[in-house]
Amino acid sequence: MDVEEFRVKGKEMVDYICQYLTNIESQMVNPDVEPGYLRRLLPSEAPQDPEEWDNIMHDVDKKIMPGITHWQHPRFNAFFPSGNSFPSILGDMLSDAIGCIGFSWQASPACTELETIVMDWFGKAIGLPNDFLTSSKGSKGGGGVLQSSASECVLVSMLAARNQAIHQYLKKENPLMEDSAFLPKLIGYCSKEAHSCVEKAAKILLVKLRILEPDENGSLRGETLRAAMEEDKAKGLMPFFVSAILGSTSSCSFDNLEEIGPICKEEPYCWLHVDAAYAGNAFICPELKYLLKGIEYVDSFNTNPNKWLLVNFDCSCLWVRERIRLTHALVVNPLYLQHANADEAIDYRHWGIPLSRRFRSLKLWFVIRKYGLSGLRSYIRNHIKLAKHFEKLVNLDSRFEVCNNVRLGLVCFRLVGTDNATKKLLELINASGQLFVTPAVVRNKYIIRFCVNAEHAKQTDVDYAWEIIKEQAKEVLEEITTPTRKEAIIRPPLKRQKSKRFSFTRSVSKEMYKRSLSKSNLFDGATPIILADSDEDEVEDTRLVPDEDDVFLREIVDQYRNEDKENKYNGVS
């Protein structure tokens, strides 16, 4: 492809993108394909000769698009937002065209310096202490860096904490011992509500991780952390790392930093990290900064503009209070990477795992400038307003209950009664293709997460989603409360594979299920929820078997039917 063909096809691609995003609402949110569908449609070997671009794009339409889950769809209410906007797309286009690898200042000065400036902009807007900014006078030498994901931010922070504990504390008494000899002594902590990336980081770094029970609101409290630390220190272990949450994946819960922080500071070398991947973006709104209480105790903080700030993946922001504690764990400085300005400029290759780095700051810079902080605040406030509207709709319907404290854009809800009814509801919602939502376990109950995600989401989108949910709930509850199977009018059963896919469940043996209950499992919003085989067998039958809890459900359904008849009689829609 020469420059002239690129000029023509590039313009066509922009038109294709615009058409896709403009007409995305006409698509089904979920693709109706089975695993392995694409392998059957594409050749088993790469082509020997060049192909025409138009033929490639034809295959995109006919073979790729049918397997796409449309994350930018106005009724994609699963997971958290997948940030995207036209300024961000343009930023990535320019970054790809420049094609620099910004591992050091010398490798591309603007790439390094823009990242430093934009991270200070964003850190100030969030309300981080001055110690986290590279530009603040009197700073201890903190700063921000762009990573690929929150998982990488947590891993890098834990790595820095491990290095600090070993080299500044444990190794002083035993300087000749290998670093690996100290690993069995180290232990980190997080809430059961924490993202599974914390557990993965501990596995990679070969350190122990203790998963603690949060309170009834999903918040890790100080006395729980203190008791665990005292117990572990009595066993000869050293608390070296705590990962706190501001806005958990399951329910958008918040750990109590004001209680956790002082306890971490009592330990010789205990690093306190905050994972605010979703919620951190909202702190640019002055009315939400109260959620940052206790930030003065924190050593590192991350949030993802590629979730809730209209920046497309990948773009995760990590700030550290003292960058020397981070870089000390990561500096490897061969001669061929050294340069004359190393003492005057930041080399971001010392701030993360990879050497190679994309020019990611361009898209964040474009988005902040094009929207302004006022525009970004309006976007976030709209999502919060719509979430509160959805919460109100749920609370007005006696068949449902809200299961989280709705402060941002996430509402967790369920059918009153058994978990199996809510699981069946989720399965039917997602199978309809009109809406996409995901489950979690909150306070040991299976719940459905409804997150406002689309950039231009409107109240009509929320109302439409609620109508779909009510329609599917009516079918589920009629299955449960119908006295005999003969009276039930049921749709054809879903295949077991589809049933598990749409309800995000994975069946295991009863023995394995019981073992899973004896340990804490961290949730990442994508891992299927484990069900015992006997529970999963019910999916084969499209009807749900009533149990003792369903007497209460019958009363609710009867009450709802009576209210519905009365409303229709009175002309109420």
Side-chain angles (χ1 to χ4, degrees), residues 24-35 37 65-82 249-251 387 390 393-394 399-400 403 409-415 418-442 445-454 457 461-480 490-507 523-531 535-536 538-544:
I24 195 170
E25 191 170 347
S26 64
Q27 303 285 338
M28 300 291 278
V29 187
N30 264 326
D32 186 16
V33 296
E34 298 291 342
Y37 91 96
M65 282 299 176
I68 293 292
T69 300
H70 301 286
W71 282 61
Q72 306 305 320
H73 199 290
R75 280 176 280 285
F76 179 93
N77 299 108
F79 307 112
F80 280 131
S82 173
T249 300
S250 297
S251 62
F390 184 80
L393 294 174
V394 176
R399 300 171 299 173
F400 295 88
C403 302
L410 177 67
V411 183
C412 298
F413 71 101
R414 71 193 302 272
L415 282 168
T418 61
D419 282 353
N420 204 31
T422 300
K423 182 177 79 71
K424 183 69 174 179
L425 173 60
L426 177 71
E427 173 191 320
L428 295 182
I429 291 169
N430 287 337
S432 74
Q434 298 172 290
L435 188 67
F436 189 26
V437 285
T438 50
V441 175
V442 174
K445 292 182 177 180
Y446 185 100
I447 60 94
I448 297 174
R449 301 169 68 261
F450 180 93
C451 192
V452 182
N453 288 341
D461 296 319
V462 174
D463 291 339
Y464 182 87
W466 181 239
E467 289 302 317
I468 294 170
I469 292 167
K470 287 198 301 180
E471 179 184 340
Q472 303 300 339
K474 183 179 179 182
E475 180 170 332
V476 170
L477 293 174
E478 285 182 350
E479 289 186 42
I480 294 173
I490 305 300
R491 72 178 73 193
L494 286 171
K495 292 180 180 178
R496 175 181 287 268
Q497 187 179 39
K498 278 194 173 183
S499 173
K500 289 194 283 190
R501 175 156 63 92
F502 289 136
S503 62
F504 286 77
T505 56
R506 180 167 64 91
S507 59
F523 181 76
D524 59 13
T527 302
I529 293 172
I530 292 176
L531 292 174
D535 295 331
E536 183 64 21
E538 294 181 13
V539 177
E540 292 287 6
D541 190 343
T542 56
R543 283 170 287 274
L544 299 174

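Remember, predicted model here, so these are calculated numbers, not experimental data.
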Taking all atoms of both residues into account, what is the closest heavy-atom pair of [X] and [Y], and its distance?
| X | Y | result |
| --- | --- | --- |
| Ala440 | Arg449 | CB-CD, 3.8 Å |
| Ile24 | Pro74 | CG2-CD, 4.2 Å |
| Arg75 | Glu25 | NH2-OE2, 3.1 Å |
| Cys412 | Ser250 | SG-O, 3.3 Å |
| Val442 | Ser251 | CG2-CB, 3.9 Å |
| Pro66 | Val33 | O-CG1, 3.6 Å |

Rounded to the nearest 0.5 Å, how far does [atom2] of [Y] lie from [atom1] of [X]?
| X | Y | atom1 | atom2 | result |
| --- | --- | --- | --- | --- |
| Leu428 | Ile468 | CG | CD1 | 12.5 Å |
| Gln472 | Leu425 | CD | CG | 7.5 Å |
| Asp461 | Asn453 | CG | CG | 11.5 Å |

Problem set entry | Qualifying residue, where the test is salt bridge (charged side-chain N to carboxylate O under 4.0 Å, His left out) with Asp419 and the options are Lys424, Lys445, Arg414 | Arg414
Residue pair [X] / [Y], side-chain heavy-atom distance below 4.5 Å:
| X | Y | answer |
| --- | --- | --- |
| Phe400 | Leu415 | yes |
| Leu435 | Val29 | no |
| Phe436 | Trp71 | no |
| His70 | Met28 | no |
| Cys403 | Ile448 | no |

Exercise. Which of these, Ile469, Val476, Asn30, sits in a side chain to side chain contact (heavy atoms under 4.5 Å, CB included) with Ile429?
Worked result: Ile469
For this session: Going by the side chain to side chain contact (heavy atoms under 4.5 Å, CB included) test, name the single residue among Asp463, Val462, Val452 that passes it with Phe390.
Result: Val462
Exercise. When you look at Phe76 and Thr69, which way does the side-chain contact (heavy atoms from CB on, under 4.5 Å) test go after all the steps?
Worked result: CA-CA 9 Å; Phe76 179 93; Thr69 300; 3.9 Å; yes
Problem set entry | Side-chain donor/acceptor of Asn77 to backbone N/O of Cys451, under 3.5 Å | yes
For this session: Evaluate the criterion side-chain contact (heavy atoms from CB on, under 4.5 Å) for residue pair Phe413 and Val437; output intermediate values, then yes/no.
Result: CA-CA 11 Å; Phe413 71 101; Val437 285; 5.7 Å; no
For this session: List the steps and the verdict of side-chain contact (heavy atoms from CB on, under 4.5 Å) for Lys470 and Trp466.
Result: CA-CA 6 Å; Lys470 287 198 301 180; Trp466 181 239; 3.3 Å; yes
